[in-house]
Amino acid sequence: MIDLDIKIYDTLSQKKQFLNKNRVSIYLCGITPYEDSHIGHSRTIIVFDVLRRYLESQNVEVKIVQNFTDVDDKIIQRSIDENSSIYEVSNRFIKHYHRDFDLLNVKHAHMYPKATDHINDIINFITQLINKNVAYITKHGVYFSILKFNEYGKLSKKNIDKLLFGTRVSVDYKKSTPYDFALWKFVTTPPIWNSPWGKGRPGWHIECSVMSSKYLQPNFEIHGGGRDLIFPHHENEIAQYESCMNTPLAKIWMHVGVIKINNTKMSKSLNNVIFLHAILEKYDPNIIRLFCISTHYSKPINYNTNSFEEAKIKWDKIKLCYYELLSEQNFNDCADVKIDKLIHDYDRKFHDSLNNNFNTVLALSSFLSLVKQLNFYLNENSLTKYDVTESLSTFQKFFKIFGFKIPITTYDAKNLINSLIKKRKILREHKKYYEADQVRQQLENMNISLLDYQNRTVWMKK
RNA sequence: GGUGAGAUGGCAGAAUGGUUAUGCGUGGGCCUGCAAAGCCUAUUUAUAAGGGUUCAAUUCCCUUUCUCACCUCCA
């Protein structure tokens with residue numbers, strides 16, 4: 001029996017914290033839908049998808065809320081450029097988001113709240129902040145006063161005094177201190193909403209505090225997002241929420257490392273953004289998933305042209321072993337049962353790795369070791385039927401947790417394939433190679449390719 | 001300048017106070033109608049440099065060098 005004792009590193013306390021064993025609620029900062037998603041987004045989303053799948057496999061009840069920031073300068077700019085509305089822009093890219101991530105076999109979040117659907121909640125929240133005297137009104141908008149929240153900087157480990165010396169932010173006469181941030185901006189051009197303080201639109205950070213507290217219990221388990229959100233976004237979320245509610249927003253702040261391109265930051269200005277749809281045209285979604293979990297989630301990934309090729313090789317290895325097991329017909333039922341010990345060892349390593357701050361890399365390597373052993377036994381033809389059945393079910397569990405998808409082959413299809421392979425085998429034994437190749441072609445037309453080994457033939461679905 | 005994270009074999013990338021990570025690549029072998037792959041085996045002093053603690057350090061501590069991230073919107 002495997003004990004579920006999952007620890008996740010918390011950015012705030014800088015320690016690993018235990019997760020609740022029964023119920024885990026996650027608020028994940030989603031995307032701003034002003035353009036297509038890139039591989040950086042996919043990493044964060046996939047990491048949390050695998051985490052969710054893993055927890056669910058351990059009978060933990062998971063709830064994920066993932067927002068869409070559908071009002072933002074970039075969306076507005078795009079809508080102006082296109083002479084359309086922010087809703088047209090955001091709806092289009094939300095559609096694209098789902099198109100891409102459905103292909104990646106990412107489970108849907110339980111909710112996808114949008115900022116524009118929560119304007120009233122946002123206004124109410126800001127009102128409370130004003131009443132608590134931590135926000136103030138200027139002629140440009142409503143601002144949060146970071147000096148009123150004396151723990152400001154605790155997440156990103158920033159010292160406010162030093163921060164205020166910073167030269168990166170120009171001192172703005174509108175605000176009390178340069179790092180005060182807008183809760184509500186007064187504007188006269190659409191999109192605008194009425195508020196008690198004047199027409200305008202919400203600031204960037206307020207929606208997440210509002211929606212996470214609306215849909216999840218106080219001090220929910222995990223608040224997640226990319227590393228680059230730590231400051232200022234998550235820092236500000238904490239400030240807003242905690243100065244209003246006097247209770248911690250989330251128990252664990254979990255941050256996923258960024259993807260770099262040739263050791264530099266991926267950014268629009270450098271023109272090196274790699275869009276997900278472009279990768280999806282070239283690579284199997286399983287390969288993209290494998291790429292994303294092949295480095296520990298907390299570390300940056302340095303992407304280069306080989307990255308996906310390497311993930312592809314790894315995936316092919318796993319897939320091949322799966323099909324070898326599926327193709328196996330010559331069971332050696334005189335042999336000892338080997339699989340129980342193998343699976344037992346693998347299971348322990350696999351769970352230990354994931355339980356210890358979600359080390360997918362180590363979990364993956366334990367699976368690859370299992371694959372290696374199975375390949376060895378397959379090659380010497382020493383697996384029993386029980387071994388093969390158990391191995392296949394281990395593969396399926398593994399696929400389910402990591403979200404890998406393999407086309408299903410029906411029972412009837414399998415029978416047909418096996419009978420054709422048998423037919424071809426006899427033809428080959430009689431050196432009727434032309435006819436044998438015709439059978440192979442017939443299978444090829446069914447999208448089945450064959451691999452002849454010393455003592456067996458393996459089929460594989462393309 | 002501040003804060004944080006790093007520096008592991010040819011490459012990617014884990015872990016660890018004492019034991020082979022794993023994958024790729026490379027050499028050799030087996031197998032082989034074709035095709036493709038697989039299996040076996042070998043492979044390099046692998047832990048940035050210097051010092052300290054210790055019976056023992058790649059792992060802990062100190063110093064140095066270097067890299068990256070955040071400090072402006074960013075997953």
Side-chain angles (χ1 to χ4, degrees), chain A residues 11 14 28-32 34 37-48 66 69 72-74 153 156-159 161-170 178-179 204 224-233 235 255-260 263-269 273 290-291 294-296 298-302 304 306-307 309-318 320-321 323-324 349 353 356 359-372 375-380 427-429 431-434 436-437 440 444 449-458 460:
Chain A
T11 308
Q14 296 175 291
L28 179 59
C29 282
I31 59 155
T32 302
Y34 71 100
S37 299
H38 53 65
I39 56 169
H41 296 122
S42 71
R43 183 183 186 194
T44 304
I45 302 295
I46 286 169
V47 163
F48 279 93
Q66 182 186 330
T69 305
D72 164 88
D73 286 352
K74 282 178 182 148
S156 56
K157 319 297 171 204
K158 293 193 187 307
N159 179 315
D161 295 334
K162 284 179 180 157
L163 204 56
L164 293 176
F165 277 115
T167 52
R168 300 284 294 270
V169 173
S170 58
Y179 280 92
W204 283 319
R227 273 211 107 68
D228 45 359
L229 291 183
I230 295 173
F231 190 90
H233 184 60
E235 191 70 60
H255 292 104
V256 179
V258 296
I259 292 184
K260 295 185 291 177
N263 220 28
T264 54
K265 186 174 152 173
M266 185 166 67
S267 78
K268 274 192 111 178
S269 53
V273 175
L290 195 55
F291 165 78
S294 289
T295 303
H296 191 265
S298 66
K299 291 199 173 177
I301 296 181
N302 186 25
N304 60 51
N306 283 329
S307 301
E309 288 302 325
E310 282 171 20
K312 182 181 185 309
I313 290 168
K314 243 182 236 180
W315 171 246
D316 287 346
K317 203 181 176 73
I318 292 168
L320 178 65
C321 185
Y323 276 107
E324 290 203 29
K349 280 187 207 156
S353 307
N356 186 10
N359 194 329
T360 52
V361 190
L362 207 50
L364 187 61
S365 85
S366 69
F367 189 77
L368 287 168
S369 300
L370 176 69
V371 167
K372 192 177 178 166
N375 280 337
F376 176 79
Y377 290 137
L378 282 161
N379 201 56
E380 66 171 27
L427 289 168
R428 290 176 72 214
E429 279 164 3
K431 298 200 186 318
K432 294 185 173 172
Y433 295 123
Y434 177 77
D437 287 349
R440 179 158 63 188
E444 200 72 28
S449 24
L450 299 184
L451 311 160
D452 292 327
Y453 291 171
Q454 197 170 356
N455 46 10
R456 65 214 157 96
T457 295
V458 171
M460 192 190 272

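Order of the sequence lines sets the chain letters (A, B, ...), proteins ahead of strands, with each chain counted from 1.
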Can you tell me how far P of B/A37 sits from CG of A/Leu450, to the nearest Å? 15 Å
Touch class at under 4.0 angstrom, heavy-atom based, for A/Asn455 against every strand present: nothing
Hey, is the side chain of A/Tyr377 poking within less than 4.0 Å of OP1 or OP2 on B/C39, counting only N and O atoms? no
Looking only at atom C1', what distance separates B/G9 and B/A21, rounded to whole Å? 13 Å
Closest listed nucleotide, where the reference is the side chain of A/Gln14 and the choices are B/C74, B/A15, B/G4: B/G4
Please tell me if A/Lys349 has a side-chain N or O lying less than 4.0 Å from either OP1 or OP2 of B/A15. no
Between B/U32 and B/C24, how far is it from one C1' atom to the other, in whole Å? 25 Å
Please report the distance separating the P of B/A49 from the corresponding atom of B/U8, rounded so that it comes out in whole Å. 10 Å
Taking atom P of B/U22 as reference, at what distance in whole Å does atom CG of A/Leu370 sit? 14 Å
Closest-nucleotide 5' rank along RNA chain B - winner of A/Arg440 and A/Ser156: A/Ser156
Distance check, P atoms only: B/C55 and B/C71, in whole angstrom units. 47 Å
Whole-Å distance, A/Asp452 CG to B/C30 P, equals 20 Å
Gap in Å between the two P atoms, one belonging to B/C62 and one to B/G4, rounded: 13 Å
For A/Gln454 and B/C31, give me the distance from atom CD to atom P, rounded to whole Å. 7 Å
Taking only the C1' atom of each, what is the distance from B/G18 to B/G23 in whole angstrom? 27 Å
Under 4.0 Å between a side-chain N/O of A/Asn306 and OP1 or OP2 of B/C24, yes or no? no
Of A/Glu310 and A/Asn375, the one whose nearest nucleotide on RNA chain B sits closer to the 5' end is A/Glu310
Rounded distance in Å between the P positions of B/A42 and B/A37: 24 Å
Atom CG of A/Asn304 to atom P of B/G13: distance rounded to whole Å? 8 Å
In Watson-Crick or G-U wobble terms, with both distances under 3.5 Å, the base opposite B/C66 is B/G6
Residue A/Arg428, side-chain heavy atoms: nucleotide from B/C68, B/A75, B/G33 that is nearest: B/G33
What is the distance from NZ of A/Lys314 to C1' of B/A21, rounded to the nearest Å? 12 Å
Could you work out the separation of B/A15 and B/G25 based on their P atoms and round it to a whole Å? 24 Å
Between B/A36, B/A75, B/G13, which one does the side chain of A/Tyr453 approach most closely? B/A36
Can you see if the side chain of A/Asn379 gets near the phosphate of B/G38 - specifically, an N or O under 4.0 Å from OP1 or OP2? no
Does A/Lys372 make a side-chain N or O approach to OP1 or OP2 of B/G38 shorter than 4.0 Å? no
